[in-house]
Enquirer: 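Dropping the structure in here first, questions after.
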Amino acid sequence: MRLNRDFFSVDVLTLSKNLLGKILVRKINNKYFRARIVETEAYKGPYDKAAHCYNNKKTERTKYFWQSPGKLYVYSIYGNNYLMNISAKDENSPEAVLIRAIEPLDNFEFIKEIRNVKEKKIKLTDLGNGPGKAGACLQINLSYNGFDLCNEKDLFLIDDDNYKFDIERSVRINIDYAEEYRFKPWRFFIKNNTNVSKAKIPYQFIDD
DNA sequence: GTACCGATGTTCT
DNA sequence: GAACATCGGTACC
């Protein structure tokens, strides 16, 4: 069943966990494919020093943190990488979930074409095991800022109640600038899933 | 398997 | 002009 607004209208830490195992449905060139979310990170403004919206910093880029839940905030990083975030809770709470890894479930050859991979020998587990790769699989770019996952046909989320898994957590990746917030255990991933990113975890997390 | 390194586009100073 | 919520390649074990 398709996930509706209520699903996203929760605290960002809850949403980060609840999104694990859910299935993204994507339509490109009249073809559908599906991919499972296997890794997420929570960015919880305004007090989270790792978040782009820390201290209520609202700019042309970051204004998409203040949206109704279930909408996209997209930004580019290190060149041609587009990272996808989903807004949580409500339009007064600048909180969003970063999608850090996805597991393609079908149409693998089509996804390889989309990824523009030269070597067709690429492993399936390397297609979506990172936030930039996930954005590339889903063909996300800056024009997707404000995109509503609850109301569009070409990209949305569905449930998968039969899929059972355990959740693990760690500190978030590449946010060394975030002072004490770099120790928060706000990265969540599916235990033993081979599509989780190979990120190096620089610190142990500290319990709240 | 790990380790470095350059390329890349946008944002903000 | 620097910083950046990264990636793919090459080099070495």
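Given the structure is predicted, the values throughout are model-derived calculations rather than measurements. All values below come from the heavy atoms of this structure, side chains included, with hydrogens, waters and symmetry mates left out. Letters go in sequence order (proteins before strands), and every chain restarts at 1.
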Enquirer: When you measure from every atom of DNA chain C, which of residues 167-178 of chain A have a heavy atom less than 4.0 Å away?
Expert: A/I173, A/N174, A/I175, A/Y177
Enquirer: Ignoring backbone atoms, establish whether A/R115 has a side-chain N or O less than 4.0 Å from OP1 or OP2 of C/dG8.
Expert: yes
Enquirer: Whole Å only: how far is the CG atom of A/L127 from the P atom of C/dC7?
Expert: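 The answer, rounded to whole Å, is 13 Å.
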Enquirer: What does the list of N/O pairs under 3.5 Å between the protein and nucleotides 1-6 of chain B look like, with a distance for each?
Expert:
residue : atom : partner : partner atom : Å
B/dA3   : OP1  : A/K200  : NZ           : 3.4

Enquirer: Which pair of non-hydrogen atoms, one from A/S87 and one from A/L15, has the smallest distance, and what is that distance?
Expert: O-CD2, 4.0 Å
Enquirer: Under 4.0 Å, heavy atom to any atom of DNA chain B: which of residues 78-107 of chain A qualify?
Expert: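 Only A/Y78, A/G79, A/Y82 qualify.
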Enquirer: State, to 0.1 Å, how close A/L142 and A/Y75 come at their nearest heavy-atom pair, and which atoms those are.
Expert: CD2-CA, 3.9 Å
Enquirer: May I ask you to test the A/F147-A/L155 pair for a side-chain heavy-atom distance under 4.5 Å?
Expert: yes
Enquirer: A/L127 and side-chain contact (heavy atoms from CB on, under 4.5 Å): which single residue from A/N195, A/I114, A/I111 fits?
Expert: A/I111
Enquirer: Taking NZ, NE, NH1 and NH2 as the nitrogens, is one of them in A/D48 or A/R172 under 4.0 Å from a carboxylate oxygen of the other?
Expert: yes
Enquirer: When rounded to the nearest 0.5 angstrom, what is the spacing between OG in A/S16 and CG in A/L13?
Expert: 6.0 Å
Enquirer: Mind listing the closest non-hydrogen atom pair of A/I175 and A/A50 along with its distance?
Expert: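 Residues A/I175 and A/A50, closest heavy atoms: CD1-CB, 3.8 Å.
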Enquirer: CG of A/N141 versus C1' of B/dT8: gap in Å, rounded?
Expert: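 It works out to 16 Å between those atoms.
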Enquirer: Does this structure show an ion pair linking A/D106 with A/K31, if we count only N-O contacts that are shorter than 4.0 Å?
Expert: no
Enquirer: Can you list the stems that include DNA chain B, where a stem is three or more consecutive Watson-Crick or G-U pairs with distances under 3.5 Å?
Expert: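 The stems that DNA chain B takes part in, listed by first number, are B:1-7 with C:6-12, B:9-12 with C:1-4.
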Enquirer: Consider only side-chain N and O atoms of A/D6 and A/S9, and report whether a donor and an acceptor are under 3.5 Å apart.
Expert: no
Enquirer: Nucleotides 11-13 of chain B: which of its N/O atoms have a protein N/O under 3.5 Å away?
Expert:
residue : atom : partner : partner atom : Å
B/dC12  : OP1  : A/T59   : OG1          : 2.5

Enquirer: Please list, by residue number, the residues of residues 36-55 of chain A whose heavy atoms come closer than 4.0 Å to an atom of DNA chain C; answer none if no residue qualifies.
Expert: A/Y43, A/A50, A/H52
Enquirer: In whole angstrom, what separates A/R187's CZ from C/dT6's P?
Expert: 11 Å
Enquirer: If the test is side-chain contact (heavy atoms from CB on, under 4.5 Å), which one of A/T40, A/I173, A/L98 qualifies with A/R187?
Expert: A/I173
Enquirer: Given the ring of A/W186, does A/K44 sit roughly above its face, with NZ or CZ under 6.0 Å from the centre of the six-membered ring and within 45° of the axis?
Expert: no
Enquirer: Would you indicate whether the side-chain heavy atoms of A/L157 and A/L19 approach each other to under 4.5 Å?
Expert: yes
Enquirer: Hey, is the main chain of A/D154 close enough, under 3.5 Å, to the side chain of A/R26 for a donor-acceptor pair?
Expert: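 Yes; judged by distance alone, with no hydrogens or angles, the pair exists.
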Enquirer: Nearest whole Å is fine: how far is C/dG9 P from A/K198 NZ?
Expert: 13 Å
Enquirer: Could you tell me whether A/Q204 atom CD has more than 12 heavy atoms of other residues or ligands within 6.0 Å of it?
Expert: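 Counting other residues, nucleotides and ligands, CD of A/Q204 stays at 12 neighbours or fewer.
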Enquirer: Less than 3.5 Å apart, any donor N or O on the side chain of A/Y181 or A/E179 sitting next to an acceptor on the other?
Expert: no
Enquirer: What is the minimum heavy-atom distance between A/A35 and A/I102, and which atoms define it?
Expert: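 That would be CB-CD1, 3.9 Å.
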Enquirer: Under 4.0 Å between a Lys/Arg side-chain N and an Asp/Glu carboxylate O for A/K198 and A/D126?
Expert: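 Salt bridge between A/K198 and A/D126, a charged N being under 4.0 Å from a carboxylate O: yes.
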Enquirer: Thinking salt bridges, do A/K22 and A/D159 make one under a 4.0 Å N-O criterion?
Expert: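 A/D159 and A/K22: salt-bridged.
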